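Contents: one structure, followed by commentary.
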Amino acid sequence: MSVFLAIVLLSLNVGRSALNVGRSGGAIKPVVTFTPNWGNILYYDDATLTCDVPSTAPEEPRTYHWYRNQTKIEGGQQRLHIIRSSVGRDRGDYQCQTIGGNISDPVFLDVTQNFVLLQRPPSAIYEGDPLTLRCHHVKDFNEINTKFYKDDQEIKPSESDSTFHIPNITRSQSGRYKCTKQIQRYDLTNVIEHSDESSVKELFSPPEIKVPPSRVIEGDEMTVRCDTRLDPLRGGTELQFAFYRDGRTVRRYKESDTYRVPSYQLEDSGNYTCAVRTASDTVRKMSDGIHIQIYELFSPPQIKVPPSRVIEGDNMMVRCDTRLDPLRGGTELHFAFYRDGRTVRGYDVSDTYRVPSSQLEDSGKYTCEVGTRSGSVMKRSDGLYIQIYELFSPPQIKVTPSRVIEGDEMTVRCDTRLDPLRGGTELHFAFYRDGQAVRGYNVSDTYRVPSSQLEDSGNYTCEVTTRSGSVRKMSDGLYIQIYDNKLPVSLIAAAVIGSLVVIVISAVLIWKCKTRKSVSHEKAHQTTSKAVNNADPDPQDVCYTYLDISRLPKGTRMKHEDLTVTYATVNM
């Protein structure tokens, strides 16, 4: 006859896992285990019950008391309680207790009168536990064939093995299990079956991601919790937790069910999941995903410069513009400014960098950086090139006339070009000779010397500045030479010597001319005497020479009438 029981599947090593330490009033609770580890047996089977006290309890001689169905078993004062040739009265809940200690939780032993029994462990079965089922038959019968079924589907045909083992059971493996066994005694052969409804209990609930608070702003310390509930009867089971963002691991398995980030950033936004597993990794569960949005504490900063066109000397203000989250309006932000990658102002609560009088060298690529006081959130702006335009061009020295003679009126001009947009700007000019001021600042760009003297020669520079002195520029130097208007003694001596040389040259030329004429007349007389007789009775031959002194000594000024021309005439 088949007997149907409600089976609760149990983990392997129930003896070990059942040794949970319970405390009540400071005492340690013992645990009852079965050997062999079956929660149901047939009539006339033997069983040994052990009262196990956790190793944390003090080791000392103990006296034990045993109870069945809350009734004390007389004579049972040992750690082991042995049942031989069990019968129906041995069926019930067993407990044990040490003197002065707590009583154990009850463990049920079922004693069945049947030919075949599907045996199971005594305690509840949880997911992840290994499970062994045994198709057991009464003594004095020979077994011929054993088969196992789940929900009427054969799962393990066997002719010799009377056990069916599941290394790591899952909840999906809950169901109605049965076994059939062909047994034989003498000439009688029967096929007998026994079934049991098996249920796998949940070890822990599917995890859920929990994020307090609901709105997370960058820079906050965010805590992501992987929430699950462990079955109270397995409260000592060690669980491990892992966390993922967008499918990538952000924290590997650890015992803590919390993932903390001291300062969350925008890039930490994403779809978060967590996984829970047992330390042995026999049970693993993944949570559903939850999208966590990290909101900006403040917007990315931007460089702003009023006015859009900055001219040297202007009061330039560079602003680092950002918008703070309204919910965090009291957050203190600090600002720093950079030009071409170099710091021009360190962190300060002011979002503005001021240059009272901007110069050309203040041109460059500007960026700014914004951060919280703690530095938990830092953001840098894009670069903005700021060009400082010239208020006026670098001055140049110009002199009139270009060649200055002693006594001349000399005009030295400091030439510059003012920006057309600032045509009304008042400029002041100063002049220097050999580094010494010859005229202080004045609105006139011209320095006049009515009658220049030799000592006015020198290296001239000029300087231009605004009235406030915010922009100041110096010209390059120009050497101005004042020339002497008198002939020096050396020039007079040179002129006398030159005249003597002219006279000598003229005499030589006249002599050569006279010689050529004499020879010419003699030849003419011999060949043309007739012509000579008819000639002018008073002929005169004239020989001319000319010398123009036109090259004057350097620096000498002469009028046209001062030019000297020397003529020499000789009558032949």
Side-chain angles (χ1 to χ4, degrees), residues 4-23 29-41 49-50 52 54 93-95 104-110 117-135 148-151 155-156 163-179 195-208 226-242 253-257 274-288:
F4 294 91
L5 301 173
I7 299 180
V8 181
L9 300 177
L10 201 202
S11 64
L12 190 63
N13 300 326
V14 167
R16 180 172 62 91
S17 63
L19 294 176
N20 295 323
V21 177
R23 292 182 180 272
K29 183 186 293 186
V31 176
V32 174
T33 61
F34 294 166
T35 305
N37 191 35
W38 304 117
N40 54 342
I41 59 177
L49 284 64
T50 304
D52 284 322
D93 287 320
Y94 284 83
Q95 293 173 282
S104 70
D105 292 327
V107 180
F108 183 72
L109 176 65
D110 191 11
L117 178 66
L118 182 61
Q119 288 186 303
R120 51 167 174 74
S123 300
I125 294 296
Y126 287 87
E127 54 186 344
D129 289 345
L131 171 67
T132 300
L133 299 176
R134 179 189 182 201
C135 197
F148 289 88
Y149 299 85
K150 178 181 181 292
D151 299 330
I155 54 176
K156 183 185 176 184
T163 59
F164 171 67
H165 182 68
I166 300 175
N168 183 6
I169 197 165
T170 63
R171 296 193 70 194
S172 64
Q173 291 174 304
S174 296
R176 183 170 177 265
Y177 287 83
K178 75 175 181 179
C179 72
S195 63
D196 207 342
E197 196 71 28
S198 303
S199 176
V200 180
K201 298 184 70 173
E202 189 174 60
L203 178 61
F204 54 86
S205 62
E208 291 182 85
C226 193
D227 187 48
T228 187
R229 293 173 302 280
L230 189 64
D231 188 286
L233 296 179
R234 292 292 183 89
T237 304
E238 181 183 321
L239 298 181
Q240 296 177 339
F241 303 81
Y253 280 103
K254 291 184 178 180
E255 293 181 5
S256 172
D257 65 351
C274 70
V276 187
R277 73 178 186 185
T278 56
S280 60
D281 203 15
T282 54
V283 183
R284 182 182 296 202
K285 296 183 182 181
M286 180 74 74
S287 73
D288 292 332

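These numbers were taken from a predicted model, which means no experiment stands behind them. The analysis underlying the following values was restricted to heavy atoms, covering all of them including side chains, and did not include hydrogens, waters or symmetry mates.
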For Gln95, side chain to side chain donor-acceptor pair (under 3.5 Å) partners two or more places apart: none
Which residues share a side-chain contact (heavy atoms from CB on, under 4.5 Å) with Asp288, sequence neighbours left out: none
Approximate separation, where rounding is to 0.5 Å, of Ile41 CD1 and Leu117 CG: 9.0 Å
pair Thr33-Leu49: side-chain heavy atoms closer than 4.5 Å: no
4.5 Å side-chain heavy-atom contact, Val31 and Ser104: no
Heavy-atom pair with the smallest gap, counting every atom of Pro207 and Cys226: CB-SG, 3.5 Å
Residues which pass side chain to side chain donor-acceptor pair (under 3.5 Å) with Glu202, listed by chain and number, not counting sequence neighbours: Arg171, Lys285
Donor-acceptor under 3.5 Å (Asp231 side chain, Leu233 main chain): yes
Non-neighbouring partners of Arg229 that pass side chain to side chain donor-acceptor pair (under 3.5 Å), sequence neighbours left out: none
Backbone of Phe241 reached by a side-chain donor or acceptor of Asp257 within 3.5 Å: no
Partner residues of Thr282 under the side-chain contact (heavy atoms from CB on, under 4.5 Å) criterion, sequence neighbours left out: Asn168, Thr278, Ser280
Straight-line distance of Asn40 CG to Phe34 CZ, nearest 0.5 Å: 10.0 Å
Distance-minimising heavy-atom pair for Trp38 and Pro121: CE3-N, 4.1 Å
Rounded distance (nearest 0.5 Å) linking atom CZ of Arg284 with atom CG of Leu239: 13.0 Å
Nearest heavy atoms of Val107 and Pro122, plus distance in Å: CG1-CB, 4.0 Å
Asp129 (side chain) donor-acceptor with Ile169 (main chain) under 3.5 angstrom: no
Separation of Leu131 CG from Ile166 CD1 (nearest 0.5 Å): 5.0 Å
Distance, nearest 0.5 Å, that separates CZ of Phe108 from OG of Ser123: 12.5 Å
Interatomic spacing from CZ in Arg134 to CG in Asn37 - rounded to 0.5 Å: 12.0 Å
Closest non-hydrogen atom pair, Gln173 against Lys150: O-CE, 3.3 Å
pair Arg176-Asp151: side-chain heavy atoms closer than 4.5 Å: yes
Worked verdict on Ser174 versus Ser199 for side-chain hydrogen bond (donor to acceptor under 3.5 Å, both in side chains): CA-CA 5 Å; Ser174 296; Ser199 176; 4.5 Å; no
Leu203 and Leu230: CA distance, side-chain angles, deciding distance, side chain to side chain contact (heavy atoms under 4.5 Å, CB included) verdict: CA-CA 6 Å; Leu203 178 61; Leu230 189 64; 4.1 Å; yes
Of Lys178, His165, Arg120, the residue whose pairing with Leu133 passes side chain to side chain contact (heavy atoms under 4.5 Å, CB included): Arg120
Under 3.5 Å: donor-acceptor pair, side chain of Gln240, backbone of Arg277: no
Qualifying residues under ring pair (Phe, Tyr, Trp, His ring centres under 6.0 Å), relative to Phe164, sequence neighbours excluded: Phe148
